[in-house]
Undergrad: 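The structure follows.
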Amino acid sequence: MSELKSWTQIPIGGYITEPKNSMNNKTGSWRTQRPVIDQDACTRCRICWLYCPEPAILELDKPYVAKNGRKYSITFEVNYDYCKGCGICANECPVKAIKMVPEVVQQ
Amino acid sequence: MTQVLERPRERGIVVEKKGLTTNYAVAQAVKDVDVDVVAAYPITPQTTIIEKLAEYVANGELDAEFIPVESEHSALSAAVGASAAGARVFTATSAQGLELMHEILHIASGLRLPIVMAVPGRALSAPISIHGDYQDLMNIRDTGWIIYIASTAQEAYDTVIEAFRVAEDPRVQLPVIVSYDGFLMSHTTEPVDVYDPKVVREFTPRRRNTRPILNPENPVTIGALATPDWYYEIKYQTINALKSSRGVIDEVDSEFNEKFGRSYKPVEGFMIDDADYVLVTYGGAATWNALEAAKEARDRGLKAGVLRIRLFRPFPANDLVKVLSNAKAIAVIDRAVAPGSPIEGPVFKDVYISLHMAGVDKPMLSVIHGLSQRTMYIRDFYELYYRLKDIAKNGKSPQESLFMGLR
Amino acid sequence: MEGLSRIDITFYGRGGQGAVTAAQVLAEAAIHSGLFASAFPEYGAERRGAPVRAYVRVANQYLGIREPIEKPDVSVVFDTRLIDVFNITKITKPNGTIVINSSEDYAKQMLSQFNGKVVYVDAYGISMKYLGKAIVNTPMLGALLRVIGMINIEVVKELIRNTFRGRIGQLNAEAIDEAYKLARVIP
Amino acid sequence: MAKQVKVGIRTIWDVPKEEYFGPGQLTCAGCGPSLAVRLMLKAAGPNTIIANATGCIEVTSTQYPYTAWAVPYIHVAFENAAAVASGIEAAIKALNRKGIANTKAKVIALAGDGGTYDIGIQALSGMLERGHGVLYVLYDNEAYMNTGIQRSGGTPRFAWTTTSPVGSKIRGKVQSKKDIMSIVIAHRVPYAATASIAYPIDFMSKVKKALDALDEGPAFLHVFAPCPPGWRIDESKTVEIARLAVDTGVFPLYEWDHGKFRLNPPSNAHIDKSKRKPLINYIKPQGRFAHLKEDEIKAMEAEIDSYWDYLTRLLKAFG
């Protein structure tokens, strides 16, 4: 929740002057199951990133060497601050490298 | 009210004395302040304003985008979009058109957009009537706009110029309506002193960067959803802005007076200082005819006076109280009705409340007249002065509105 | 201030004949001549052929009156059939003037009950001659100017030339001139 | 001034990394329209002004004091996104011409099916007829979802909604989906196209094409964007269902490009019905169609076939 302000303190007309400050809404708390990416199975195809409605898949310039020896210059990670757990990423992943795991079990 | 007779101080400001209808005078003012966008839909009796503006744009006399929208709802919506994008915007409508805009009227004031709109007042359907009164204006009085009601073509011209200054003032940032009698003014040709557009533009300088606008360099979100936690505060800002716009309205008028030699007060009295019997009016026909009647009544020894309300929102309650405190009886002439109200005159209610809030209790009469341009004769107003005399003697306010001229 | 000098004029025409324009041009001409004038039409809706009234008040000082003219000093009648429609012989002031688009004989016959001054002009003929159609407002203005005298005909012609640009404006100005010359008072 | 993205989008790797919408918007998990807006803005870039109609996207993206938008944004009312956008476009034109401003910003009107097919169609038609250089993007989730799933002119025949309930006498929506594209094309706009969130590259390249056409007049994009709660589908299936809509021929991808009609892959193969996936694949996972009987599915299929017949004739005439 944002701090509630007096009418004298807020910009006129209810304008919001800070772009994308919705990042204050940590929608990750909505999740009942979380996507977990198997970095070794992941082929870095970018499909999960492309189809995420939030976006809550991060494309990071983080090199990774998979168990099978393949070298990647990028890594996809889930931003759990915002991921609502819809599971589109897992559903769309062509190599089934993303598993949906119940949140409760994770604790 | 005699200022209309005076010529402004000659400093080369008046370039021409023209014979203009009030609608043309408004179009002239819109051209002289150099608007950027006009969005409008035709409706009698507003149409000749936008025809004239379309002509100005077509002839290159006004460098603006003219958007011939497909409805009044879209007229004000386009005006809102254009204003939010930083343009100086004008629109105009009447009657059913104003009703169709109603939803967006609240939004324009809520979003604090300095749009200026002309409203030649007209009766509302049903039955359908194209003729003038102020029922349309009364129906939108609570939408958060500043509302002026002019009484001459000259005043309408001057007021549109003042309206842009007031609307765009960073202390105000509210939309403004300039209203006047449909037909009886909108289509009446009168003398109008037209000023040098250079001077008009000096008086209405463009204010850039005083309000956030839709601009990719500085992205802003306009028209956000407010939850109950926020709605009240944001709404109150608009309420407060309208209330406190009065200071700027007065300031702009006194500067206007300095520059152009004309001034209009929120309420204007005629033969009012020693008046026992006062007709409170708004608009052109009611005011000027009441004034003729007052002169005749004075000739016969009755201390008659007229008080015209020029600024309707924010309502000049204190000004009224000051002027009306010495009257013996007061009638308010409404060219509109509020059916089902305790008493049917909408402005009567405002005047009555203003006086009673200030502890002034006078016998008062609510008069409904001039609906759909039913002729308001000078003799009708003359008769009202003698009614007021009886009412003063009796000492009591009549409990019913007087529907004058009703068969 | 000098004393009030004022004249109330009503134009009677039909939608499409230009009565409203004539009233407006007259008022504008008065204003350009340094007088006060107000002009307003009774009907705002555009209706071809329907009877229309337009009022003009001209004065040497500001007039606040916003009533329709009930008793005009001058009635300008575009069409003899409008005499009965508006009861023109009754409402025109008894010492006033009726300016009518008619022949002398017909005007005499139609306005026999009227005791004031009658000015007639063949505005129809003039408009057919100059404009090729029966739009009689400019010749009627010409005849009216002969009667009221407060307004210079050249100011009106100039306004007409500005209102209708090009050749049409010039032809209308000529029609005004001709009507001004041909207008006659019934003896 | 921020730079407009100039690169074409031909492969997934051409998709810009920049995000101009979200995260933190309050759309439902698996929201199709949310993805549509995200992809649309990636293609449009930062030099864009949005005029949004009332609807799901509006209420979920701008809950005060937070906004999900990185570009200038205005919401005015439900029925007037096209009119508001017209005003913005006119303002930019006038201010640029008068030397008061110098902006290259493109204007996008954004509305759902309710705000387009129904209450907003007058303003849309006016904007198209007047020829404003505005891109109108319709995100179609086939009902009034924001108010709790009521039928709109964009709801397909037989679909259950709360105002087209499945009763003993009337079973779901009686009327067919309005052909909004034909209505738009009848305005002789330079560019109009259908797109789907399931085919993002096609969608994004159409956004770019549409924006490029704005110098000539208005452009229109009809984007298919399923709604998990409204369609009674699992929230992980949003993209899959959208893909099935295209692959079964329910929602063909095509464009009207300067008087030429063109079917886009994979729909360009679907004139041959045997190349379409069976309709049942699309219907079965959706709770809103759960009540459908054999004959109703047949009727639905006949309607789709008839639409394809119409498209085939369009292709012959304007291809």
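Within every chain, numbering begins at 1; the chains are lettered A, B, ... in the order of the sequence lines, protein sequences first and strands thereafter.
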Undergrad: Is the NZ or CZ atom of K52(B) both under 6.0 Å from the centre of the six-membered ring of Y24(B) and within 45° of that ring's axis?
TA: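 The answer is yes, since K52(B) meets both limits relative to Y24(B).
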Undergrad: Under a 4.5 Å heavy-atom cutoff, which of A101(D), P65(D), A51(D), S86(D) has the most pairs with chain B?
TA: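 With the most close heavy-atom pairs to chain B, the winner is P65(D).
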Undergrad: Hey, which of L111(B), I67(B), V80(B), L76(B) has the most heavy atom pairs under 4.5 Å with chain D?
TA: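 If we count pairs closer than 4.5 Å to chain D, I67(B) comes out on top.
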Undergrad: Measure distances from V69(B) to the heavy atoms of chain D and classify the residue's part below 4.5 Å as side chain, backbone, both or neither.
TA: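 Contact with chain D: backbone and side chain both.
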Undergrad: If you measure only the distance, is there a donor-acceptor pair under 3.5 Å linking the side chains of Y139(D) and D113(D)?
TA: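 Note: Y139(D) and D113(D) side chains miss the donor-acceptor criterion.
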Undergrad: Sort V71(D) into side chain, backbone, both or neither according to what part of it lies under 4.5 angstrom from a heavy atom of chain B.
TA: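 Only the backbone of V71(D) comes within 4.5 Å of chain B.
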Undergrad: So if I apply the salt bridge (Lys or Arg N to Asp or Glu O under 4.0 Å) rule between E168(B) and each of R88(B), R206(B), R112(B), R207(B), which one comes out positive?
TA: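 Answer after filtering R88(B), R206(B), R112(B), R207(B): R88(B).
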Undergrad: Which of the residues I213(B), V89(B), I104(B) is involved in the greatest number of heavy-atom pairs with chain D at under 4.5 angstrom?
TA: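 Counting heavy-atom pairs under 4.5 Å, the top option is I104(B).
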Undergrad: For the residue pair W69(D) and S61(D), confirm or rule out a side-chain donor-acceptor distance under 3.5 Å.
TA: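 Result is yes, a qualifying pair exists.
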Undergrad: Could you tell me if the side chain of Y136(D) sits less than 4.5 Å from the side chain of L221(D), heavy atoms only?
TA: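 A side-chain contact is absent here, since even the closest heavy-atom pair is not under 4.5 Å.
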Undergrad: Heavy-atom distance under 4.5 Å to chain D: side chain of V35(B), backbone, both or neither?
TA: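 Contact with chain D is through the backbone of V35(B) alone.
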Undergrad: What part of A70(D) gets closer than 4.5 Å to chain B, counting heavy atoms only: side chain, backbone, both or neither?
TA: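 Only the backbone of A70(D) comes within 4.5 Å of chain B.
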Undergrad: Heavy-atom pairs under 4.5 Å with chain D are the metric here; pick the option from V37(B), D36(B), I234(B), D34(B) that has the most.
TA: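 The candidate making the most pairs under 4.5 Å is D36(B).
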Undergrad: Below 4.0 angstrom, N of the basic side chain to O of the carboxylate: do E65(B) and R97(D) qualify?
TA: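 Salt bridge flag = yes for R97(D) with E65(B).
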Undergrad: If you measure from the Lys or Arg side-chain nitrogens to the Asp or Glu carboxylate oxygens, is any gap between E70(B) and R130(D) under 4.0 Å?
TA: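 Here E70(B) pairs with R130(D) in a salt bridge, since their nearest N and O are under 4.0 Å apart.
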Undergrad: Any chance the rings of Y157(B) and Y195(B) have centres within less than 6.0 Å?
TA: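 Distance test on ring centres: under 6.0 Å, yes.
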Undergrad: Measure T227(B) against the heavy atoms of chain D and call it side chain, backbone, both or neither at under 4.5 Å.
TA: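 Contact with chain D is through the side chain of T227(B) alone.
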Undergrad: Would you confirm whether the ring centroid of F256(B) sits within less than 6.0 angstrom of the ring centroid of F203(B)?
TA: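 Centroid separation for F203(B) and F256(B): below 6.0 Å.
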Undergrad: Heavy-atom distance under 4.5 Å to chain B: side chain of I50(D), backbone, both or neither?
TA: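 When you check distances to chain B, no heavy atom of I50(D) falls under 4.5 Å.
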Undergrad: If you count heavy-atom pairs within less than 4.5 Å of chain B, which of E79(D), Q63(D), E129(D) leads?
TA: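 The answer is E79(D).
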Undergrad: Can you tell me which of P212(B), A85(B), A79(B) forms the most heavy-atom pairs within a distance under 4.5 Å of chain D?
TA: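 Top count of heavy-atom pairs under 4.5 Å with chain D: A85(B).
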Undergrad: Go through the atoms of I107(B) and report whether side chain, backbone, both or neither lie under 4.5 Å from a heavy atom of chain D.
TA: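 Contact with chain D is through the side chain of I107(B) alone.
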